[in-house]
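Since the structure is predicted, the reported quantities are computational estimates derived from the model, not experimental observations.
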Amino acid sequence: MVTELAQGGFFQGMHKGMTLTASGLVLLFVLFTGLGSDIASSVFGATRTWIESTFSG
């Protein structure tokens with residue numbers, strides 16, 4: 001298995017595609033939370049409830 005890690009620059013030692021995708025997702029979550037805090041609150045609350053009920057044990 002060949003790993004495509006950057007050899008120099010800002011992304012040294014990181015996979016560029018994975019790093020950019022993760023950064024983009026974090027940015028989207030921050031924007032979603034900042035611009036629609038009421039909707040984000042209900043979505044995150046429902047998600048938390050689902051996770052707690054599904055994986056509690």
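- A donor-acceptor pair under 3.5 Å is formed between the side chain of Ser53 and the backbone N or O of Trp50.
- Follow the hydrophobic side-chain contacts under 4.5 Å out from Val43 and you never reach Leu31; the two are in separate clusters.
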Per-pair distances, 0.1 Å, donor-acceptor, side chain in residues 18-26, under 3.5 Å, sequence neighbours excluded:
{"from": "Thr19", "atom 1": "OG1", "to": "His15", "atom 2": "O", "distance (Å)": "2.8"}
{"from": "Thr21", "atom 1": "OG1", "to": "Gly17", "atom 2": "O", "distance (Å)": "2.7"}
{"from": "Ser23", "atom 1": "OG", "to": "Thr19", "atom 2": "O", "distance (Å)": "2.8"}

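- Shown here is Phe29, whose CZ atom has no more than 12 heavy atoms of other residues, nucleotides or ligands within 6.0 Å.
- Among residue pairs with one or both ends in residues 30-49, those qualifying as side-chain hydrogen bond (donor to acceptor under 3.5 Å, both in side chains) are Arg48-Glu52; sequence neighbours excluded.
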